[in-house]
Amino acid sequence: MSGTPQVTSADLFQQMKEIEDPEEKKSFGESVNTLKQELAEQLPQESTEDQDKAAFNIAPPSLDQLQMEMGHISPVTATIFHLQELFENLGFSVATGPELEEEKYNFDALNIPDNHPARDVWDTIWVTTEEGQKNLLRTHTSPTQIRYMEQHKPPIRMIVPGKVYRYEATDATHETAFHQVEGLMIDTNTSIATFKGVMQEVFSRLFKQSVDIRLRPSYFPFTEPSFEIDIKFEGDWLEIAGAGMVHPNVLKAGGIEDEAIQGFAFGMGVERLVMLLTGLNDIRYIHSGDLRFAHQFGLKRTK
C-alpha cells in the first residue's frame, strides 16, 4: 500500500549496528539473514547467461547526449597523403612493406653486406624472434624496393611511405621512430635529368611555389652515383632528401638482370618536410601526443 513505509536491507543492518546487547544483536542478525534467504527463494532466479546479457544490455546514449568532436589527421599523415597524391598524378604506385624486417632486405640486398662499414650509419634496433631468427626494425623504407622488384617487372614507378626506426638519442631534429617516403623509378631511359624533373615538380606542388633544386655528390651503398637533394627555401639551401641512380647490385638482388635497365631511387624524411611546411623547430612536438599541438592542424568539426 502507498501508505506503508518501505524498509530496505540497509535500514535493517543499520538498526543492527545500534543494538548494544551482543546476544540481541546476534539474534537480530540471524533473523535478517533468514529473511533475505526467504525473499531470494521467492524471487525468480536468473541464469548466469541472463546476468551476463543484462550486464551488457546498456542503451547507447543518443546523439543529443553526446558532445561530438571529430579527430584530426596529424600533420605527418596529411603530408604523406599529399605526397602520395602528387606522385600518383605522375604515374607512381604506392607500396607498403613490413616494419619488422629481415636483415637480407634491410642490408644485404641493398649492397650492404655483413661487416660493411656503411652499416655503422644506421643505429639498428635488432629483434630476435621466438624462432631464434635475427630480425630488425627497419632502418629505412628501402627494403620494400627489393620486395617490389621481386614481384613486378620494369618499367617501375613506386613510392613507399612508412615508419622507420633508429636507436639514437632524441633531440630537436632526431627521433627514434619517424617516417620516410622512399621512391623508385626504373626503365630503359630513366636518367638523372628525369629524376631532377620529377623532384622539382613534386616539391613545387608541395610547397605551392616554384622551387629550385640542386644535387650535391654524396655516398649511399645502394646508389651510384649518389647525391643529396637541396631545395632553395625562403632564400636558403636546405637538404631535403638523399638519392642516386640504383646500383646494379641492387637491381640484381631484386631479380632484374637486364643491363639496359637503369633508374633512380630517393628517400626523404616526412617530419623534416612537416617542419618546413609548418615552421616547427622541434621534431618532438610532432610525436608528443599533446592535443594542443594536434588541434592546430586540420578542420575541427563539432555537432
Side-chain angles (χ1 to χ4, degrees), residues 70-101 105-106 110 137-165 175 177-187 190 194-211 213 222-223 228-231 233 238-244 246 254 263-280 283 286-287 293-294 296-299 301:
M70 303 298 291
H72 301 75
I73 294 179
S74 77
V76 169
T77 302
T79 302
I80 289 175
F81 286 169
H82 193 187
L83 286 170
Q84 288 181 186
E85 181 181 13
L86 294 177
F87 279 105
E88 285 175 336
N89 289 340
L90 295 174
F92 283 73
S93 300
V94 178
T96 58
E99 294 180 15
L100 182 61
E101 188 55 275
Y105 289 103
N106 197 86
L110 292 169
L137 295 178
R138 65 182 181 186
T139 59
H140 46 186
T141 47
S142 302
T144 306
Q145 293 184 16
I146 303 297
R147 293 180 177 275
Y148 195 88
M149 283 189 282
E150 288 178 340
Q151 301 297 324
H152 300 81
K153 295 181 179 180
I156 290 175
R157 294 185 183 186
M158 56 85 77
I159 62 168
V160 187
K163 185 179 287 187
V164 299
Y165 304 85
E175 271 282 10
F178 54 100
H179 297 78
Q180 287 185 338
V181 171
E182 194 94 10
L184 175 69
M185 181 175 180
I186 54 177
D187 204 343
T190 305
T194 308
F195 164 73
K196 189 174 181 181
V198 169
M199 291 293 100
Q200 191 149 19
E201 179 70 14
V202 168
F203 287 130
S204 293
R205 291 181 178 272
L206 180 66
F207 291 100
K208 298 180 180 179
Q209 62 184 25
S210 179
V211 174
I213 288 181
F222 30 80
T223 52
E228 302 285 356
I229 310 169
D230 297 337
I231 64 170
F233 185 76
L238 301 175
E239 180 183 316
I240 202 74
V246 182
F264 60 79
F266 61 88
M268 64 187 82
V270 178
E271 279 81 354
R272 178 171 295 186
L273 293 174
V274 170
M275 293 173 74
L276 290 176
L277 290 166
T278 61
L280 287 174
I283 193 175
I286 299 174
H287 301 292
F293 173 80
Q296 297 178 70
F297 303 94
L299 296 176
R301 296 192 303 164

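Starting from 1, each residue takes its place in the sequence as its number. Side chains included, hydrogens not; waters and symmetry mates left out as well; all remaining heavy atoms used.
The side-chain heavy atoms of Val94 and Ile159, taken from C-beta on, include a pair separated by under 4.5 Å. Taking the side chain as every heavy atom from C-beta outward, Asn89 and Arg205 never approach each other to under 4.5 Å. At least one side-chain heavy atom of Val198 sits under 4.5 Å from a side-chain heavy atom of Phe92. By the 4.5 Å heavy-atom criterion applied to side chains, Met158 and His152 are not counted as neighbours. Within the 4.5 Å cutoff, side-chain heavy atoms of Ile229 are placed close to those of Phe195. Inter-residue side-chain proximity for Val270 and Pro161 is flagged as unmet; no heavy-atom pair is nearer than 4.5 Å. Within the 4.5 Å cutoff, side-chain heavy atoms of Arg147 are placed close to those of Tyr105. The shortest distance between side-chain heavy atoms of Val160 and Tyr148 does not fall below 4.5 Å.
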If you apply the rule side-chain contact (heavy atoms from CB on, under 4.5 Å), what do you find for His179 with Ile80, and how did you get there? CA-CA 9 Å; His179 297 78; Ile80 289 175; 4.2 Å; yes
Ile286 vs Leu280, side-chain contact (heavy atoms from CB on, under 4.5 Å): CA-CA, chis, key distance, verdict: CA-CA 9 Å; Ile286 299 174; Leu280 287 174; 3.8 Å; yes
Could you go step by step and tell me if Val181 and Leu273 meet the side-chain contact (heavy atoms from CB on, under 4.5 Å) rule? CA-CA 11 Å; Val181 171; Leu273 293 174; over 6 Å; no
List the steps, then state whether side-chain contact (heavy atoms from CB on, under 4.5 Å) holds for Phe233 with Val211. CA-CA 7 Å; Phe233 185 76; Val211 174; over 6 Å; no
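A distance of 10.5 Å separates CD of Glu201 from CE of Met199, quoted to the nearest 0.5 Å. One distance of note links CG of Leu206 with CZ of Phe87; it measures 9.0 Å at 0.5 Å rounding.
Listed for the Thr144 side chain is no donor-acceptor partner under 3.5 Å among the backbone atoms of Thr96.
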